[in-house]
S.K.: 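Shown below is the structure under consideration.
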Amino acid sequence: MLKYSNSEMMAIAAGRLIKDGDIVFAGTGVSMLAATVAKRIYAPRAVIFFETGGIDPALDEIPMAVADLRVMSGTALNSGLIEAFSTVGHRKLRTVAFLGAAQVDQYGNLNTTCIGDYHRPQKRFSGSGGGNDVASLATGVITFMQHEKRRLVEKLDYMTSVGWYRGGNSRQELGLKRGGAVAVVTNLGLLHFHEETKEMYLAEYFPGVTVEQVQENTGFALDVSNAKEAAPPTAEELAILREEVDPQGLICQPPE
Amino acid sequence: MLKYSNSEMMAIAAGRLIKDGDIVFAGTGVSMLAATVAKRIYAPRAVIFFETGGIDPALDEIPMAVADLRVMSGTALNSGLIEAFSTVGHRKLRTVAFLGAAQVDQYGNLNTTCIGDYHRPQKRFSGSGGGNDVASLATGVITFMQHEKRRLVEKLDYMTSVGWYRGGNSRQELGLKRGGAVAVVTNLGLLHFHEETKEMYLAEYFPGVTVEQVQENTGFALDVSNAKEAAPPTAEELAILREEVDPQGLICQPPE
Amino acid sequence: MTGCSEIAERLFSLDQAVEEFIFDGCQLAIGGFTVTRNPMALVYTIIRRGIKDLHLVCHSNGQGMDILVGAGCVKRLEIAYGGNGRYAPTCIRFRRAVETGKLEFEDYSNYQMALRFLAGSLSIPFIPSRTGLGSDLMELEGFSPEVRSEEKVASRKYARIDNPFSAEKEEVPLLPALNPDVALIHAQYVGEDGTVRIKGLTFADLEQAKAADKVIVTFEELVPRSFIRQDPDQNSLASFFVDAYVKVPYGSHPTACFNYYDYDPAHLNLYRHMAEDDGRFQEYLGEWVYGVESHEEYLRKVGIDMLLKIKASPGIGYAPGLDRK
Amino acid sequence: MTGCSEIAERLFSLDQAVEEFIFDGCQLAIGGFTVTRNPMALVYTIIRRGIKDLHLVCHSNGQGMDILVGAGCVKRLEIAYGGNGRYAPTCIRFRRAVETGKLEFEDYSNYQMALRFLAGSLSIPFIPSRTGLGSDLMELEGFSPEVRSEEKVASRKYARIDNPFSAEKEEVPLLPALNPDVALIHAQYVGEDGTVRIKGLTFADLEQAKAADKVIVTFEELVPRSFIRQDPDQNSLASFFVDAYVKVPYGSHPTACFNYYDYDPAHLNLYRHMAEDDGRFQEYLGEWVYGVESHEEYLRKVGIDMLLKIKASPGIGYAPGLDRK
């Protein structure tokens with residue numbers, strides 16, 4: 001059996017969600033890998049771009065930040081923040097964004113700002129960056145996070161980026177015309193959202209993970225009734241990830 | 001005595017109004033010549049630019065339109081309309097604009113749109129173009145026109161571009177924070193505006209023109225009490241205009 | 001159509017592109033400015049194919065606007081400037097149409113039209129502007145209430161609000177965004193990857209393209225991916241904004257195209273002369289538009305002598321010494 | 001200062017530029033983004049000269065923001081993202097300052113901050129935006145009413161109006177424009193005529209520069225007029241927007257500068273380590289900022305070995321194979 005790490009599984013599981021021709025708004029870290037894996041395997045005509053304005057970079061090396069010189073090298077076009085974000089929100093484009101977060105709630109809303117009181121937090125994080133913008137404007141958002149009770153919570157300490165807001169139609173009622181949370185990819189599995197209620201449910205658990213493990217590490221009641229085991233990474237997926245996408249092992253270290 | 005044509009006198013009289021370091025928003029025709037003469041003689045550090053976005057072009061040949069390729073050749077920077085107009089209105093820049101018009105009133109307001117009813121005019125002109133914008137935003141406007149009773153009128157058929165509006169402080173009260181009409185240059189002389197009332201007065205009449213001639217050709221009562229004769233073009237001014245600025249004689253033909 | 005990285009399936013002929021994307025009554029924006037980089041080959045194709053009732057949204061699209069109006073393709077016009085530089089201080093067929101009541105029209109300024117396209121490109125419904133205050137641009141509406149109620153027509157010409165961020169009362173005019181059905185752009189370069197590069201001034205072309213539902217790009221030259229990606233800072237429009245590409249050398253003749261060719265002064269003078277009379281104008285259309293079967297035939301009519309005369313000088317971008325009277 | 005076509009009188013040293021244009025309490029915007037093209041040489045000079053009470057307006061100005069906050073120069077901060085990529089998912093001194101109540105701060109998003117600079121650059125008082133709806137960015141204000149009443153602070157974080165162009169009720173959020181007292185930008189090229197060319201992504205640098213009252217540009221290379229005017233489509237900022245130029249090779253170290261040098265991973269890791277502890281951070285400032293008399297001395301401390309390691313490869317723009325762990 002193939003050996004692979006948690007973050008390799010996450011990158012590949014998320015990459016599989018990208019459709020050919022999608023415009024993929026990538027962050028750094030695992031989301032970069034997921035986008036690049038997707039483009040090299042499932043969605044050759046996907047276009048990867050960054051909030052900083054670099055469109056379809058060569059990505060011969062992994063960027064360590066969205067402003068890394070590697071996101072502006074070999075691109076189709078270099079521009080700026082205004083152009084990039086107006087592209088995310090452009091009605092004629094299907095744009096899918098990868099985000100990370102410190103907390104997510106059952107409606108896919110995200111906190112990347114703080115734990116505790118906003119004005120005097122116990123723990124401060126980076127803040128929205130472009131997170132709120134892409135969550136507001138993109139066709140869909142895929143979020144990465146570690147699966148822990150304190151991260152998958154009933155109530156966010158701060159709602160930085162809106163997913164399905166309070167469920168149902170509440171997102172549209174805010175004036176957000178499209179978009180919403182597509183999936184949350186954790187180290188334990190893949191979470192989707194019910195079509196009507198917009199509540200989170202467990203779609204797939206990764207090989208070696210149990211449904212109980214997922215439930216124990218989730219801070220709210222999670223529908224697991226339709227959960228099945230995810231397909232493990234294939235040899236091809238792993239080879240491309242390790243040899244082409246991140247040969248320096250900057251993001252994912254394969255298991256010893 | 002040097003011979004020169006009316007339009008040569010106009011270009012030179014207007015050119016003399018430019019201060020060194022001004023950002024000069026030029027149109028085509030005589031205003032182009034005025035701007036170029038000014039830069040080559042009185043204001044070497046003036047920057048000529050166009051509403052289409054070309055900044056400080058080489059102008060080895062006279063442009064025939066503000067989108068002529070000659071306004072984008074040898075420039076410091078080529079951009080677009082948004083950048084150009086936001087530059088005209090930039091509070092840190094002293095921007096002077098040259099405009100033409102079909103009609104002007106005693107407060108320096110301009111009509112470049114129509115004669116007769118707006119919806120079904122006797123005569124339709126080009127419209128505002130960037131005229132209203134620079135009249136609203138620039139530090140000052142200098143207008144060129146033929147001196148005729150039907151052109152210098154008490155009431156405009158259509159107020160395309162605002163000068164001093166209804167005189168006094170009325171321009172500021174509209175919300176136009178700076179700017180206003182600096183001068184009108186006609187084939188007969190140079191018209192300025194009273195500091196308080198903002199009413200037009202005759203500042204200079206060109207050599208060979210009489211004060212009476214100016215009055216007869218003006219459609220409203222004109223203060224001529226401080227008028228004096230303008231200095232004729234110097235040999236240097238004419239030489240630069242004819243040999244360097246418009247050697248093809250596309251705009252001004254010297255007299256036979 | 002999104003994210004295609006190669007353009008084979010989006011390469012059209014002029015006729016195919018017009019047939020596919022331009023319909024009677026559609027709202028249309030054309031790129032360029034007066035005598036430069038108007039998408040003339042597409043404009044001629046629109047006329048030839050008898051498209052009608054266009055709602056044209058223009059800043060200063062001189063030559064392309066005038067011939068579309070003159071040929072009767074335009075029902076409704078929003079415009080800032082109906083002139084063509086020294087070759088027509090007021091565009092002649094435009095003027096005739098307004099004076100004879102043949103057009104629904106409404107005036108804005110150039111900055112206002114550019115800002116309206118910018119707002120459309122940013123997907124925001126309006127944008128503030130400081131221009132227009134006190135003028136008849138703000139006092140007089142061109143469109144009737146019936147026109148105002150139609151789709152793609154702004155419900156009001158302007159709005160005014162009190163600046164909510166200011167302690168003192170300060171009125172701010174708002175301009176409604178534009179989102180045309182189609183934008184037509186002529187560019188110098190398109191890469192094999194579909195990336196568009198415009199050289200020289202871009203006017204409001206990029207805002208128009210990003211504001212439009214569909215975008216057709218005609219271009220002078222198809223260049224290798226390696227060329228267009230050598231310096232991506234220079235590129236103008238990403239492939240995913242473009243719905244159709246048409247290769248049309250001299251595609252903006254008789255208007256100019258920086259680094260490729262100057263405007264054709266003889267043709268612009270001919271046009272002016274022909275446009276001055278209704279009958280002559282029909283002759284002009286017969287000879288130069290309806291009677292021409294292809295863009296190649298059009299270029300043969302212009303003739304190699306003239307194409308060499310207007311050829312741009314490298315490093316200068318225009319044709320120095322061209323007789324432009 | 002307007003319209004000067006040569007820049008001799010606007011060439012300053014780092015110290016002169018900071019002395020002339022940056023004052024205690026001023027509102028400051030810095031260019032670049034996280035690990036790239038921060039105007040670090042100017043930032044160090046600000047710290048060294050003991051400027052205090054800055055009101056910093058940032059989108060994601062990682063490294064420059066963090067050290068200014070850490071050195072105690074910043075009283076008030078508007079920010080979208082206080083991180084530095086993989087080298088500091090949350091900037092450490094920023095985080096410490098917020099958690100210990102040492103800062104007045106308010107959160108926006110990156111697009112919102114960029115749009116606020118755009119509005120400032122267009123001289124309009126506000127701009128609509130579709131982002132933020134429903135989130136705590138709109139629900140929670142960071143600044144107190146007292147802070148709100150101060151000059152250069154927006155009277156409200158957002159406003160909401162009903163779209164006056166829409167028949168149905170549609171609420172639109174408005175963002176207040178930003179017009180900082182000073183913007184600091186680091187560019188690759190400045191021409192002898194003062195024209196600025198930035199290569200690679202421009203982030204919100206150009207909007208920041210055009211929104212600001214005063215602009216200081218540091219740059220890698222002074223190039224002839226003939227070079228900068230060879231292809232003016234590539235240029236970024238006209239001379240008349242710039243108040244002071246300072247030639248500073250490696251002026252954005254340890255952040256990167258496209259085509260010139262990559263970020264310095266060793267230094268960013270050193271910074272992270274030193275920033276984690278209050279005492280160590282003072283040591284870092286002592287060694288790398290206060291204890292350094294000139295930019296040349298700073299570069300000697302970085303060392304030629306590292307400068308060669310981070311040197312960008314032509315045609316690629318970064319340093320391939322650089323150890324970035």
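Order of the sequence lines sets the chain letters (A, B, ...), proteins ahead of strands, with each chain counted from 1. Computed over heavy atoms, backbone and side chain alike; hydrogens, waters and symmetry mates excluded.
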S.K.: Does a side-chain heavy-atom distance below 4.5 Å link Lys210(C) with Thr87(A)?
M.R.: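 Side chain of Lys210(C) against side chain of Thr87(A), heavy atoms only: no contact under 4.5 Å found.
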S.K.: Answer yes or no: is there a donor N or O on one side and an acceptor on the other, between the side chain of Asn78(A) and the main chain of Pro232(C), under 3.5 Å?
M.R.: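 Such a contact is absent between Asn78(A) side chain and Pro232(C) backbone.
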S.K.: Need one label for Leu237(C): side chain, backbone, both or neither, based on atoms under 4.5 Å from any heavy atom in chain A.
M.R.: backbone
S.K.: Knowing that exactly one of Val196(C), Asn235(C), Ile228(C) qualifies, which makes a side chain to side chain contact (heavy atoms under 4.5 Å, CB included) with Leu77(A)?
M.R.: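 Single pass found, and it is Asn235(C).
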S.K.: Please give me the minimum heavy-atom distance between Arg229(C) and Asp56(A), naming the atom from each residue.
M.R.: NH2-OD2, 2.8 Å
S.K.: Can you name the closest pair of heavy atoms from Gly89(A) and Ser123(C) and give their distance?
M.R.: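 The pair with the smallest heavy-atom distance is O-OG, 3.7 Å.
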S.K.: Could you tell me whether Lys19(A) atom NZ has more than 12 heavy atoms of other residues or ligands within 6.0 Å of it?
M.R.: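 Counting neighbours around NZ of Lys19(A), 12 or fewer heavy atoms of other residues, nucleotides or ligands fall under 6.0 Å, so no.
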S.K.: Looking at side-chain heavy atoms only, is the closest gap between Arg91(A) and Asp213(C) below 4.5 Å?
M.R.: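 Yes, their side chains come closer than 4.5 Å.
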S.K.: So do the side chains of Met72(A) and Asp233(C) get within less than 4.5 Å of each other, counting heavy atoms only?
M.R.: no
S.K.: Which heavy atom of Asp243(C) sits nearest to which heavy atom of Lys92(A), and what is that distance?
M.R.: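 Here Asp243(C) and Lys92(A) meet closest at OD2-NZ, 2.5 Å.
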S.K.: Ser236(C) versus chain A, heavy atoms under 4.5 Å apart: side chain, backbone, both or neither?
M.R.: backbone
S.K.: Kindly say whether the aromatic ring centers of His90(A) and Phe241(C) come within a distance under 6.0 Å.
M.R.: yes
S.K.: Under a 4.5 Å cut-off applied to non-hydrogen side-chain atoms, are Phe240(C) and Ile55(A) in contact?
M.R.: yes
S.K.: So which atom in Asp193(C) and which in Ala76(A) form the shortest heavy-atom distance, rounded to 0.1 Å?
M.R.: OD2-CB, 4.1 Å
S.K.: Answer yes or no: does atom CZ of Arg166(A) have more than 12 heavy-atom neighbours from other residues, nucleotides or ligands under 6.0 Å?
M.R.: no
